[in-house]
J.: 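A single structure is presented below for examination.
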Amino acid sequence: MPGALHRLVRMMTFPELASGLGVTFKWFHKPKVTEFYPDKRPVLPYRAKGRLHVDLETCISCKMCERACPEDCIKVFQPPKEVFKTDKRPVQFFISLEHCIHCGMCVDPCPTGSIHHSQEFEMASYLRNDYLFDRTTLPYDLDVKHFKQGILENVVEKGQ
Amino acid sequence: MTTELREAAGTSPLRKALETTTMELNFGPQHPATHGVYRAVLQLDGERVVGIESIIGYLHRGIEKWVEYRTYTKATPIFDRLDYVGAILNCHGYVGTVEKLMKIEVPKRAQYIRVVLDELQRIANHLLWLGTHALDLGAMTVLFYGLREREVIMDLFEAMVGQRLLQNAYPIGGVRLDFPRGWERACRNFMAELPHRLDEYETLLSSNRMWLQRTKGIGVISGAEAVALGLSGPTLRGSGVYFDVRKCIPYGSYEDFDFEVPLGENGDVYDRYIVRVREMRQSLRILQQALDGMPEGPLMPEKLSKIIRPPAGEVYFSVEGAKGQLGYYLVSDGTDKPWKCHVRSPSFINLQGLEKMVVGGLVADVVANIGSLDIVLGEVDR
Amino acid sequence: MTFESLMTYVGWPLIKIVILLGVVAFCVAYTVYIERRLLGFFQSRVGPNRVGPFGLIQPIADGLKLILKEDIIPANAQPFLFRIAPIFAIVPAFVGFAIISFAPPLVTGAGVVHPFVVKDVNLGILFLLSITSLGVFGIVLAGWSSGSKYPLFGSLRSASQMLSYEIPLTLSVLSVILMAGSFRLSDIVDAQSKLPFAIPLILAFGVYVISAVAETNRIPFDLPEGESELVGGFHTEYSGMRFAFYFLAEYANVVLVCCVATSLFLGGYKIPFVPYETLLAAHPILVSALGLAVFGVKAVLFLYFYIWIRATFPRYRYDQLLRIGWMVLLPIALLNLFLVAGIKLWLLR
Amino acid sequence: MTIGWILLFALIIACALGVVISRSPIASALSLLVGFVGVAILYLALKAEFVAAVQVLVYAGGILVLYIFGIMLTDNEALRLTRQVHFQAWPVFLLVLVLFLWMGHKLYHSDYAATPPAAKVMVVSGGDQAETAIAALQAQSQVAAGTNTQRLASVMYGNFLYPFEAASVLLMVAALGAVFLAKKEI
């Protein structure tokens with residue numbers, strides 16, 4: 001009988017609904033987690049796989065990335081043989097970000113670390129041609145967009 | 001319809017008009033509660049469901065055929081696209097299969113790191129599931145709270161492997177990189193916070209009379225039926241069947257950890273819900289143990305050729321995915337590309353249980369049941 | 001017909017109606033904003049804050065967008081009914097405001113009384129109930145004329161839901177009428193000078209709150225438009241301005257319910273526990289302004305509670321909803337009515 | 001003013017005709033709705049506010065919704081094919097016309113036509129009984145003050161309490177019976 005009475009009282013007084021209301025009321029006052037993206041830009045951690053960047057000066061045209069890419073979005077053109085003996089830098093380097101899935105599999109085998117992801121993540125464009133990067137368009141201003149202090153402390157991965 | 005009626009009109013159109021018939025309702029493919037492009041054709045008698053026919057394939061990408069044209073390494077990121085909410089678990093399943101095929105011994109530290117990421121992914125998946133399931137039943141706030149916590153996990157993933165959703169986390173053989181500095185601390189902070197958040201969700205749902213009325217006794221499926229239909233994962237355990245790949249067929253050093261397998265009693269929507277919520281707490285236990293007992297050592301095996309070329313043969317390997325037993329079947333002919341690949345995707349097989357659950361219930365229960373199955377259409381259609 | 005009589009019978013009411021419509025439409029638009037904003041706060045996010053300072057221009061932007069959208073009429077729809085159905089929904093929602101007294105009447109020098117109400121009808125609350133009961137036609141016709149199954153389901157559910165919950169709602173209001181001894185809303189407010197009815201009539205207040213949530217189709221009783229089951233419910237096929245009509249009608253009903261609850265249970269423009277006479281000694285305009293502010297604060301608090309509920313609870317199922325209406329609320333409302341009648345007869349003679 | 005009345009009557013009659021002869025059942029129901037509202041306005045004009053409000057609340061807001069409910073659930077296409085006007089309609093129409101004219105004639109030549117406006121106010125549409133009762137009560141000058149609604153209440157719950165309650169019990173029995181018949185399992 002006390003059990004039944006207890007149940008009846010519980011049924012009529014909505015304690016569990018009140019505690020539920022309490023939870024939402026608690027978060028009503030707490031600071032909000034929304035990020036105001038265009039106003040406050042997020043700082044991506046070091047390992048974030050943003051737009052692919054190739055340091056053409058250190059690239060040795062070994063085509064490891066081209067072979068590793070699962071989507072075939074990288075195309076490297078070696079210089080002619082005579083030049084290659086002294087200067088291994090590629091004559092042309094195509095990356096099609098239209099196809100890139102940001103898997104990072106081209107970064108793993110690179111012997112010089114010249115291909116790597118940058119922290120640039122705003123890659124939307126109106127034109128398809130903007131996604132095809134070549135020798136002239138690949139380098140971009142690194143000072144602004146690269147190597148920022150992340151949310152977590154950066155670690156040096158390559159060559160450690 | 002009209003011509004038939006016109007023929008019948010001569011005799012007695014009124015009788016024709018007053019005949020009761022079942023109504024066919026297209027539930028999906030564009031419907032907010034089908035969690036993707038799933039389509040169910042419901043036969044309704046009033047609001048009561050008398051029949052359901054699942055129509056799938058709107059998200060079919062032919063992934064199983066696709067990987068036959070890719071090398072083993074290049075196929076890895078493709079499997080993330082199956083269950084895009086639990087991508088790391090898919091990746092673990094695939095690389096585990098190749099490792100089993102090639103008899104690669106994964107270093108202990110790599111195994112532990114995989115356990116950590118796997119369990120984080122499981123929690124992230126269950127949080128998203130909890131939010132969407134609650135949203136299906138009308139409690140919209142839980143979705144935002146769940147996404148808020150999931151966001152922390154996403155940030156952890158981003159710091160660890162660089163991507164948030166489709167991480168391509170593991171290469172064949174081990175893991176690429178160790179934890180970044182400070183990652184472990186951030187992870188532990190999250191682990192300390194999450195139990196309180198889970199308590200809040202349970203305050204909002206588990207004892208709420210509306211939630212209980214919507215879920216208790218709805219979509220009941222007995223243990224025997226669930227086994228017969230081949231269900232797995234929380235959907236099976238909700239029916240009280242003790243089967244967890246991590247316990248029953250241990251892989252990736254899961255045998256080192258002490259954790260429980262939560263079981264339901266009645267096999268209804270509520271049990272499937274509570275099993276998943278308890279599973280998150282167990283995942284936290286595993287995480288705690290894995291971080292505490294993290295062994296030192298290399299991340300990749302010593303001898304691993306750059307080109308993966310497994311010996312001819314076939315192999316089946318399964319992991320406990322977020323949705324259930326996630327199995328991969330690979331046939332190798334000795335070249336660097338798989339000859340055949342098949343995925344035992346838990347979402348697809350769990351979907352078999354839907355008919356048993358919804359027939360005889362109401363339309364609103366269909367939503368609750370689809371939510372409780374936790375299907376992801378990328379995995380159903382492959 | 002003299003100018004004075006023309007003003008009395010046509011001019012002043014027309015002016016009042018235009019002002020009221022403008023104010024109510026403004027309030028309704030900003031109710032949408034307040035709801036989105038508060039829901040965001042409850043859900044640990046910020047809600048709309050991009051358009052204007054604090055997102056205050058958001059309702060105008062939304063309205064502009066809806067006006068500019070294409071008005072789609074589905075191929076299977078019955079065009080005439082489909083076009084007029086939104087009018088059926090929005091008119092009753094706005095007409096209901098005509099009888100609500102928002103502030104104490106302003107008494108100017110020569111004893112002229114300006115009531116803050118379009119028409120303080122003799123049968124005020126009954127008029128309100130009968131008008132709002134017509135709102136269901138907008139929903140039913142929308143569902144039927146859309147020629148689609150989800151709206152049909154939504155409208156069927158809505159029709160039975162509104163019919164079921166009108167009875168406990170009316171019964172709970174009846175106990176207020178018993179206590180006040182009048183149908184007129186200003187009389188009811190006057191009867192609460194000392195104590196708001198929500199305290200003695202706590203049962204009726206509870207029944208009213210629950211049935212009002214159901215009548216306005218909101219969580220946890222938002223089955224007619226339960227988006228996870230019926231996509232959008234009865235207005236699935238609507239777009240553009242006709243959709244906006246339904247949207248406005250829903251929120252107008254919410255505001256109306258808040259205003260009615262304030263008038264019936266929370267003491268209207270009376271300041272709780274403060275006798276009205278002491279205030280009246282002060283400046284009359286001040287009294288009216290203060291009354292208006294008090295009314296607004298009460299209504300907004302009630303609205304806050306509404307949104308709070310929406311942020312917290314899941315949705316009931318259709319059959320459970322009807323069972324609650326008939327098996328729980330109706331007996332409680334009847335019991336309460338008997339109790340109030342008995343107390344009124346034997347104790348408060 | 002007269003033009004307004006004529007328009008209102010024309011509207012009510014047109015709606016009544018629409019209910020009967022419209023091919024689409026939903027159009028019939030809508031005509032009925034407008035008709036109900038028209039009649040409610042008529043009641044209001046007769047200063048019977050309570051009856052007007054109840055007319056809208058119960059008939060338009062309640063019962064008509066149930067009609068529409070029924071219409072929506074039936075196969076509309078087949079209903080559209082049924083004949084609305086049968087050959088019996090014309091003799092019946094003539095008969096009704098004759099009856100109507102006869103009634104109008106009688107009314108026109110009766111005492112009601114000459115009733116002074118003061119008494120007209122009391123005429124509450126609620127059937128002859130209520131009307132005569134109010135008149136009787138008024139004659140005894142028992143209920144002089146109070147609004148129309150209060151007087152109606154005192155008549156209904158005073159003089160006619162037992163018939164009123166008997167009618168409500170009867171309706172209750174009918175409703176329960178209907179539920180019993182309609183529901184498959186209880």
Side-chain angles (χ1 to χ4, degrees), chain A residues 7 10-28 30-35 42-50 52 64 67-72 100-109 111 116-119 121 149-158 160, chain B residues 66-67 70-71 73-78 80-81 91 139-142 144-145 147-149 151-152 155-169 171 176-187 197 199-212 300 306-307:
Chain A
R7 271 217 306 283
R10 272 188 71 85
M11 209 178 91
M12 297 297 289
T13 50
F14 315 105
E16 90 281 3
L17 298 189
S19 60
L21 286 172
V23 169
T24 41
F25 192 66
K26 177 186 143 198
W27 286 105
F28 185 79
K30 290 268 179 91
K32 310 294 174 246
V33 294
T34 310
E35 286 173 18
V43 185
L44 297 188
Y46 181 84
R47 290 179 187 175
K49 293 175 186 165
L52 275 178
M64 291 292 269
R67 259 175 253 133
C69 181
E71 297 296 324
D72 300 334
C100 178
I101 57 171
H102 300 268
C103 60
M105 285 169 81
C106 50
V107 181
D108 293 339
H116 54 258
H117 291 280
S118 67
Q119 262 83 350
F121 58 93
Q149 194 74 14
I151 351 169
L152 297 164
E153 291 171 60
N154 288 332
V155 285
V156 183
E157 320 157 60
K158 289 269 176 193
Q160 191 181 32
Chain B
W66 199 2
V67 296
R70 289 168 169 254
T71 61
T73 330
K74 284 186 181 182
T76 332
I78 303 304
D80 281 356
R81 272 81 184 159
C91 193
M140 74 191 289
T141 301
V142 182
F144 290 100
Y145 291 173
L147 287 179
R148 179 185 65 199
E149 265 71 84
E151 193 66 21
V152 182
D155 285 343
L156 288 175
F157 284 154
E158 193 179 23
M160 174 71 194
V161 290
Q163 287 282 56
R164 297 161 66 81
L165 194 69
L166 305 168
Q167 297 93 344
N168 186 28
R176 283 197 180 84
L177 302 164
D178 210 333
F179 296 128
R181 230 181 305 144
W183 193 90
E184 214 176 309
R185 194 180 65 228
C187 184
R197 303 288 169 87
D199 288 343
E200 280 181 359
Y201 306 152
E202 293 219 49
T203 316
L204 280 173
L205 299 177
S206 294
S207 58
N208 189 313
R209 68 186 70 189
M210 298 168 200
W211 184 260
L212 292 178
M300 294 290 274
K306 289 272 180 197
I307 297 159

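Here is how names work: the chains are called A, B, and so on, in the same order as the sequence lines, proteins then strands, and each is numbered from 1. Being a predicted model, the structure only gives us computed values, none of them experimental.
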J.: Under 4.5 Å heavy-atom distance to chain A, tell me which part of B:Glu151 shows up: side chain, backbone, both or neither.
T.: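 For B:Glu151, neither part sits under 4.5 Å from chain A.
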J.: What is the minimum heavy-atom distance between A:Cys103 and B:Asn168, and which atoms define it?
T.: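 In terms of heavy atoms, the two residues are closest at O-ND2, 3.0 Å.
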J.: Given that the side chain runs from C-beta out, which part of B:Arg209 has a heavy atom under 4.5 Å from chain A: side chain, backbone, both or neither?
T.: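 Interface part for B:Arg209: both.
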J.: List the atom of B:Thr73, the atom of A:Met105, and the distance in Å for their closest heavy-atom pair.
T.: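 The pair with the smallest heavy-atom distance is O-CE, 2.9 Å.
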J.: With side-chain contact (heavy atoms from CB on, under 4.5 Å) as the test, pick out the partner of A:Lys49 among B:Arg164, B:Gln163, B:Gln167, B:Glu158.
T.: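 The residue from B:Arg164, B:Gln163, B:Gln167, B:Glu158 that satisfies side-chain contact (heavy atoms from CB on, under 4.5 Å) with A:Lys49 turns out to be B:Gln163.
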J.: Going through the distances and angles, do B:Lys74 and A:Arg67 end up as a side chain to side chain contact (heavy atoms under 4.5 Å, CB included)?
T.: CA-CA 10 Å; B:Lys74 284 186 181 182; A:Arg67 259 175 253 133; 5.9 Å; no
J.: Might you point out which heavy atoms bring B:Leu204 and A:Gly20 nearest each other, and give the distance in Å?
T.: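 Nearest heavy atoms, B:Leu204 then A:Gly20: CD2-O, 3.5 Å.
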J.: Working to the nearest 0.5 Å, report the span between CG of B:Leu177 and CG of A:Asp108.
T.: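 B:Leu177 CG to A:Asp108 CG: 7.5 Å, rounded to 0.5 Å.
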J.: Measure A:Ile101 against the heavy atoms of chain B and call it side chain, backbone, both or neither at under 4.5 Å.
T.: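 The answer is both parts of A:Ile101.
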J.: Checking A:Val23 against chain B: side chain, backbone, both or neither under 4.5 Å from a heavy atom?
T.: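 Both the backbone and the side chain of A:Val23 come within 4.5 Å of chain B.
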J.: Counting only heavy atoms closer than 4.5 Å, note whether B:Phe144 contacts chain A via side chain, backbone, both or neither.
T.: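 Nothing of B:Phe144, per the 4.5 Å heavy-atom cut-off to chain A.
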J.: I'd like to know whether B:Tyr145 forms a side chain to side chain contact (heavy atoms under 4.5 Å, CB included) with A:Val33, so could you lay out the CA-CA distance, the side-chain angles of the two residues, the decisive distance to 0.1 Å, and finally the verdict.
T.: CA-CA 10 Å; B:Tyr145 291 173; A:Val33 294; over 6 Å; no
J.: Looking at every non-hydrogen atom in both residues, tell me the closest pair between B:Ile78 and A:Glu71 and how far apart they are.
T.: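 Heavy atoms only, the tightest pair is CD1-OE2, 3.9 Å.
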J.: In terms of heavy-atom proximity below 4.5 Å to chain A, should B:Asp80 be classed as side chain, backbone, both, or neither?
T.: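 Answer is neither: B:Asp80 stays 4.5 Å or more from chain A.
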J.: Counting heavy-atom pairs under 4.5 Å to chain A, which of B:Thr76, B:Thr141, B:Thr203 comes out on top?
T.: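 The answer is B:Thr203.
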J.: In terms of heavy-atom pairs under 4.5 Å, which option from B:Val161, B:Thr71, B:Leu166 contacts chain A the most?
T.: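 Between B:Val161, B:Thr71, B:Leu166, the count favours B:Val161.
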